[in-house]
Amino acid sequence: MKGFATRAIHGDLSRERGHGALRMPVYDNAAFEHDTSHSIQLAFEGKKPAHCYSRISNPTVQEFEQKMRVLTGGLAAIGVASGMAAISNTVFALAEAGSNIVTSRSLFGNTLSLFTRTLAPWGLEVRFVSMTDPAEVERAIDGKTRAVFLESITNPQLEVADCAEISAVTRRHGVPLLMDNTLLTPYLFNTKAAGVDIELLSSTKYISGGATCLGGVIIDNGTYDWRRSPRFAATAKQLGPMAFVAALRQEVFRNVGACLSPHNAYLQSLGLESMSLRIDKSCANTAVVAAYLAGAAGVATVHYPALAGSPFQAVAEKQFGRGCGGILTFDLKDQKACFAFMDSLQLVRRATNVNDNKTLIVHPFSTIFAEYAEEEKLAMGVRPTMLRLSVGIEDHADIIDDLERGLKKL
Ligand SMILES: *Cc1c(COP(=O)(O)O)cnc(C)c1O
């Protein structure tokens with residue numbers, strides 16, 4: 001198999017672009033014409049691979065999907081409008097009223113809100129456990145559990161679960177294991193090798209590079225036997241391993257309508273080509289910045305899984321060979337100090353995104369988690385004293401200069 005960077009640039013080496021175009025053009029159209037009525041019938045019946053309508057499939061989106069499939073070694077990938085669309089489509093497809101999913105409170109804020117605020121009224125039970133305790137995960141699973149969901153590094157708690165241990169539990173119970181791998185991407189963490197069945201990504205982050213647009217990807221790693229899932233048992237008899245992807249493409253993803261726009265797919269594909277270079281730089285910068293902050297006056301604590309002394313250092317080292325990504329958090333004296341620090345920065349941008357080329361800072365307590373009560377935030381490990389830094393790919397000396405300016409103001 002070719003290396004990661006080669007696959008990110010060349011995909012599956014197909015050359016179906018017309019006119020010899022070296023880059024897949026943007027097919028910025030909604031509908032596709034067929035020569036005969038029979039042809040469009042076959043396409044609708046799924047018997048002939050052909051595009052009909054861009055909400056369901058589109059050549060530019062398909063090329064991005066193929067690249068993601070080739071990169072991960074998954075069975076199939078579906079490009080969607082955003083990371084949240086990847087998560088919501090997947091849970092819509094897997095769970096039903098009266099069923100449950102097992103997850104942790106250490107979750108991206110909007111994911112937690114999707115589960116508890118949006119889907120709970122539709123009858124989904126959300127069982128919270130600690131993903132660092134596989135026995136607790138096992139106790140929460142029952143015959144109505146449709147998925148176990150976790151993040152490869154949680155945002156913003158930066159907690160790392162032992163994926164192989166959780167996977168051993170889900171395999172024993174025949175429940176699909178879902179992982180949001182946004183903060184690491186397939187470059188830093190091969191979820192298929194770690195026993196994850198479905199990988200979910202916000203491609204808005206590292207993949208797009210420079211936060212050019214929103215996007216998301218659902219990857220079926222092809223490791224789950226869909227005959228074991230009550231919702232897919234019948235279709236799996238006909239479609240085998242493609243049962244879940246077909247259910248998305250021909251039903252849930254089609255009906256929800258959160259498709260990836262061709263223009264955004266183009267930008268995501270372009271970003272993907274340089275992603276491994278950017279991630280290497282971002283990880284190297286983050287390690288330097290974490291070490292600086294850990295020794296800086298005024299900084300109470302620094303959290304980064306690769307940092308010596310982190311409770312997750314050993315598991316992170318075992319799982320993520322090349323690095324732990326570009327997000328770290330640190331605590332100052334109080335919220336007032338956090339705001340004063342942020343407001344004195346000149347290079348680092350006050351913005352909520354992560355894994356941009358630019359270094360970004362945010363105070364999660366007052367922004368991303370604003371919808372939760374103080375006790376709920378504290379239970380989620382979101383403290384008023386905590387700042388989240390997403391380290392970009394600038395020269396690290398300049399990032400540190402700026403942070404130093406902020407600390408001097410305290
Ligand atoms: C940003 C993010 C999401 C949501 O992705 P969008 O593309 O903004 O919808 C989900 N999970 C994690 C870990 C994220 O950082």
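Not measured: the values here are computed from a predicted model. All ligand and atom numbering here is 1-based and tracks the order in the structure.
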Does an N or O from Val354, backbone or side chain, lie closer than 3.5 Å to an N or O of ligand 1? no
Step by step, would you call Val391 with Ile399 a side chain to side chain contact (heavy atoms under 4.5 Å, CB included)? CA-CA 8 Å; Val391 182; Ile399 302 170; 4.0 Å; yes
Considering the heavy atoms of Gly215, write down every atom of ligand 1 situated less than 4.0 Å from one of them. 7 (O)
Answer yes or no: is there an ion pair linking Glu273 with Lys67, defined by an N-O contact shorter than 4.0 Å? yes
For atom 2 (C) of ligand 1, what is the nearest protein heavy atom, given as residue, atom name and distance? Lys205 NZ, 2.4 Å
Enumerated ligand 1 atoms positioned under 4.0 Å from heavy atoms of Leu214: 7 (O), 8 (O)
Between Phe339 and His363, is the gap from one ring center to the other below 6.0 Å? yes
For Ser82, atoms of ligand 1 separated by under 4.0 Å from a heavy atom: 7 (O), 9 (O)
Once the angle between the rings of Tyr224 and Trp226 is folded into 0 to 90°, is it parallel (under 30°), tilted (30 to 60°) or perpendicular (over 60°)? perpendicular
What atoms of ligand 1 come closer than 4.0 angstrom to any heavy atom of Asp180? 10 (C), 11 (N), 12 (C), 13 (C)
Do Phe149 and Phe115 have their ring centres less than 6.0 Å from each other? yes
Taking a cutoff of less than 4.0 Å between a non-hydrogen atom of the residue and any ligand atom, is Ala85 in contact with ligand 1? no
Give the atom numbers and elements of ligand 1 that come within less than 4.0 Å of a heavy atom of Asn155. 15 (O)
